[in-house]
Number of protein chains: 2
Amino acid sequence: MVNYSTSEENHIKAIFHLQTHSGNVSTNELARELRTKPASVTDMMKKLRDKKLLHYQPYQGFRLSTEGKKVALGIVRRHRLWEYFLAEKLKFSWEEVHAVAEELEHVSSRKLIDKLDEYLGFPRFDPHGDPIPDTEGRIRYNPQICITALELNLPAQICHVSDQSKELLELLEHKQLRIGTKVEVKKKFDFDQSLELRIKTATKQTASVMISVQLAQNIFVKHV
Amino acid sequence: MVNYSTSEENHIKAIFHLQTHSGNVSTNELARELRTKPASVTDMMKKLRDKKLLHYQPYQGFRLSTEGKKVALGIVRRHRLWEYFLAEKLKFSWEEVHAVAEELEHVSSRKLIDKLDEYLGFPRFDPHGDPIPDTEGRIRYNPQICITALELNLPAQICHVSDQSKELLELLEHKQLRIGTKVEVKKKFDFDQSLELRIKTATKQTASVMISVQLAQNIFVKHV
DNA sequence: AAAATTATTTAGACAAATCTAAAAAATGAG
DNA sequence: CTCATTTTTTAGATTTGTCTAAATAATTTT
């Protein structure tokens with residue numbers, strides 16, 4: 001197992017994130033993401049290409065190799081486990097977590113991370129709802145679950161409604177619940193199994209919403 | 001609050017540790033400690049002198065300034081808190097703890113360390129028994145305590161016996177308990193308040209020793 | 001399709017941290 | 001006290017990661 005410098009790791013991680021959206025990643029795109037200059041990116045790309053971490057032909061953009069992806073997943077795993085630790089154990093707020101994890105993720109002891117994982121109880125999602133890769137770099141993707149089965153306070157996103165009738169959609173619309181809406185269950189009322197949700201609207205405002213069990217049974221979410 | 005590079009921090013820390021023993025620290029001494037070359041040390045000393053972290057006249061060795069000591073204590077605090085975390089929470093063994101803490105100590109977020117400190121319950125000693133400086137860099141030195149009051153499994157060292165009679169010394173000698181002997185209390189028996197100790201002899205072997213409450217009340221220790 | 005614009009790469013420079021080899025200063029042995 | 005030895009510093013080179021400015025390639029506009 002080879003070790004990479006902080007700068008190399010940051011480049012690999014950035015390509016990993018950008019490449020999920022578009023296909024190949026361009027020089028300018030990467031330079032913008034890393035707040036560096038295109039010339040510096042080209043230099044680094046040559047080095048990472050020589051180390052067989054990515055595919056790169058001049059003027060063609062970059063794409064991680066299989067090995068490069070493996071390295072990237074290791075970095076992502078470290079980052080997200082630290083985020084979980086910071087939020088869950090040290091009581092950092094969601095916003096603060098990222099910057100500190102950026103530093104901690106470069107500490108390279110494999111044993112440290114595996115023991116941290118164990119200590120945290122093998123969490124599957126970080127505080128932002130992003131999945132945490134396992135020891136082998138596998139991401140255990142979120143299965144769709146009914147919102148009635150969603151754990152309290154776990155960030156999720158509406159991804160499916162099973163009934164597409166006019167009546168249901170009218171109700172959803174009224175409550176500002178749409179595919180893609182970010183949602184957490186804040187409370188479950190045993191009396192009528194209604195749910196209190198906290199949603200984040202497209203305009204980034206949060207709001208409280210009550211939904212009946214009849215509605216809830218038709219809403220499916222996945223962890224964000 | 002300024003940030004220092006990993007290399008600068010390692011130099012400051014090494015001087016801090018060496019200077020407690022001898023007075024001024026010499027170039028060769030420091031180079032040996034850091035597994036680097038004397039020429040490299042000289043270069044770094046000039047830089048740290050310019051940053052007012054230490055006093056350095058060519059050929060005269062180095063000594064940390066007040067500011068330098070403050071920085072060193074910050075690094076030591078981080079190192080020892082991480083050691084405590086690794087041993088206590090992640091169940092690393094004593095030997096493994098140091099190397100990983102060497103990496104973690106350079107993560108610079110002040111808030112991270114203070115929250116970690118709080119999470120750990122403001123421990124005063126790391127797993128090796130070394131004191132952990134507080135937020136202000138103060139080291140709270142070990143008061144002498146009677147071995148009957150020593151927490152289980154906390155490494156300590158015999159520093160005083162209150163009764164100096166021939167009878168007591170004979171017994172201590174027989175049990176290989178001397179001033180300076182490293183000792184931990186492994187078990188306290190409620191029935192007769194006798195203690196089971198684990199001691200490390202001068203020849204670095206460990207042994208189990210049982211002592212009565214009468215004897216224990218005369219043995220004073222401090223955290224190592 | 002040529003010109004203009006944009007993106008990318010190359011060339012050369014720089015700072016940080018290290019090294020080797022050589023010079024200079026301090027120390028210590030006779 | 002002088003000469004040999006040891007310690008420390010200086011001088012100059014190297015590596016890594018970055019930059020600016022200029023050159024080149026690709027893309028878009030007219």
Side-chain angles (χ1 to χ4, degrees), chain A residues 2-15 18-19 21-64 68 71-72 75 102-103 105-108, chain B residues 2-15 18-19 21-64 68 71-72 75 102-103 105-108:
Chain A
V2 198
N3 272 330
Y4 301 100
S5 73
T6 294
S7 179
E8 289 173 326
E9 289 192 344
N10 284 336
H11 281 79
I12 294 165
K13 194 177 53 151
I15 297 171
L18 292 172
Q19 116 184 323
H21 295 292
S22 34
N24 275 20
V25 178
S26 76
T27 306
N28 274 354
E29 211 181 342
L30 194 49
R32 204 177 323 114
E33 174 81 11
L34 292 167
R35 295 167 184 359
T36 179
K37 296 290 180 277
S40 312
V41 167
T42 301
D43 288 346
M44 185 57 86
M45 291 306 103
K46 286 184 197 160
K47 196 189 345 170
L48 295 179
R49 182 240 280 134
D50 294 348
K51 293 190 178 184
K52 308 236 184 277
L53 294 173
L54 48 80
H55 304 291
Y56 160 53
Q57 298 285 103
Y59 298 99
Q60 301 302 129
F62 342 106
R63 207 176 62 260
L64 292 178
V71 173
I75 302 165
E102 288 283 298
E103 283 201 68
E105 74 188 5
H106 300 294
V107 174
S108 61
Chain B
V2 198
N3 273 329
Y4 300 100
S5 73
T6 295
S7 179
E8 288 173 325
E9 289 192 344
N10 284 336
H11 281 78
I12 293 165
K13 194 178 52 152
I15 297 172
L18 292 174
Q19 116 183 322
H21 295 291
S22 33
N24 274 20
V25 178
S26 76
T27 307
N28 274 354
E29 209 181 344
L30 194 49
R32 204 176 324 113
E33 174 80 11
L34 291 167
R35 295 164 183 4
T36 179
K37 297 288 179 274
S40 312
V41 167
T42 301
D43 287 349
M44 184 58 85
M45 292 306 102
K46 286 185 198 158
K47 201 197 328 180
L48 296 180
R49 182 239 281 132
D50 294 350
K51 293 190 178 186
K52 308 234 184 277
L53 294 174
L54 48 81
H55 304 291
Y56 159 54
Q57 298 284 107
Y59 298 98
Q60 302 301 130
F62 342 107
R63 204 176 65 260
L64 291 179
V71 173
I75 302 165
E102 287 284 299
E103 282 201 69
E105 75 189 5
H106 301 294
V107 173
S108 62

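Note: hydrogens, waters and symmetry copies are ignored here, and every other heavy atom, side chains too, is used. Just so we're on the same page: letters track the sequence lines, and every chain starts at 1.
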What's touching nucleotides 12-14 of chain C from the protein side, N or O pairs under 3.5 Å?
none

Using atom names, set out every protein N or O paired with an N or O of nucleotides 24-26 of chain C below 3.5 Å, distance rounded to 0.1 Å.
| unit_1 | atom_1 | unit_2 | atom_2 | d |
| --- | --- | --- | --- | --- |
| C:dA25 | O4' | B:Y59 | OH | 3.3 |

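Annotation: ring-ring contact (aromatic ring centres under 6.0 Å, His included) contacts involving residues 45-64 of chain A, sequence neighbours excluded, comprise A:Y56-A:F62. Among pairs with a residue in residues 31-45 of chain A, none fulfils side chain to side chain donor-acceptor pair (under 3.5 Å), at least two apart in sequence or across chains.
Side-chain contact check for B:L53 versus B:Y4: some heavy-atom pair is nearer than 4.5 Å. With contacts defined as side-chain heavy-atom distances shorter than 4.5 Å, the pair B:H106/A:H106 does not qualify. Proximity of B:N10 to B:E105: side-chain heavy atoms (C-beta onward) are separated by under 4.5 Å at one or more points. Contact of the A:M45 side chain with the A:H11 side chain is registered, since non-hydrogen atoms from C-beta on lie closer than 4.5 Å.
Atom C1' of nucleotide C:dA7 and atom CG of A:N24 are separated by 15 Å, given to the nearest angstrom. What separates CE of B:M45 from C1' of D:dT8 is a distance of 13 Å, to the nearest Å. One can place CG of B:D50 at 14 Å from C1' of C:dA16, the figure rounded to the nearest angstrom. As a whole-Å value, the separation of B:M44 CE from D:dT10 P is 16 Å. Regarding B:R32, its CZ atom lies at a distance of 13 Å from the C1' atom of D:dT6, rounded to whole Å.
Shown for residues 2-14 of chain B: no residue has heavy atoms falling under 4.0 angstrom of DNA chain D. Listed in residue order, the members of residues 34-42 of chain B having a heavy atom less than 4.0 Å from DNA chain C are B:T36, B:K37, B:A39, B:S40.
Of all heavy-atom pairs spanning A:A72 and A:I12, the tightest one is CB-CG2, 3.7 Å. Considering all non-hydrogen atoms of both residues, B:A31 and B:P38 come closest at CB-N, 3.7 Å. B:N24 approaches B:E29 most closely through the heavy-atom pair O-OE1, 4.3 Å.
Looking at heavy-atom distances under 4.0 Å, B:Y56 makes contact with sugar-phosphate atoms alone, never a base.
For the pair A:K46 and C:dT10, the criterion of a side-chain N or O lying under 4.0 Å from OP1 or OP2 is met.
With B:Q19 contributing its side chain and B:L64 its backbone, the two residues share a donor-acceptor pair below 3.5 Å.
Among the nucleotides C:dT18, D:dT8, C:dT9, the one closest to the side chain of B:N28 is D:dT8.
Here the CD-OG1 distance, from B:E102 to B:T6, works out to 11.0 Å after rounding to the nearest 0.5 Å. Atoms NZ and CD1, from B:K13 and B:I75 in turn, are 7.5 Å apart once rounded to the nearest 0.5 Å.
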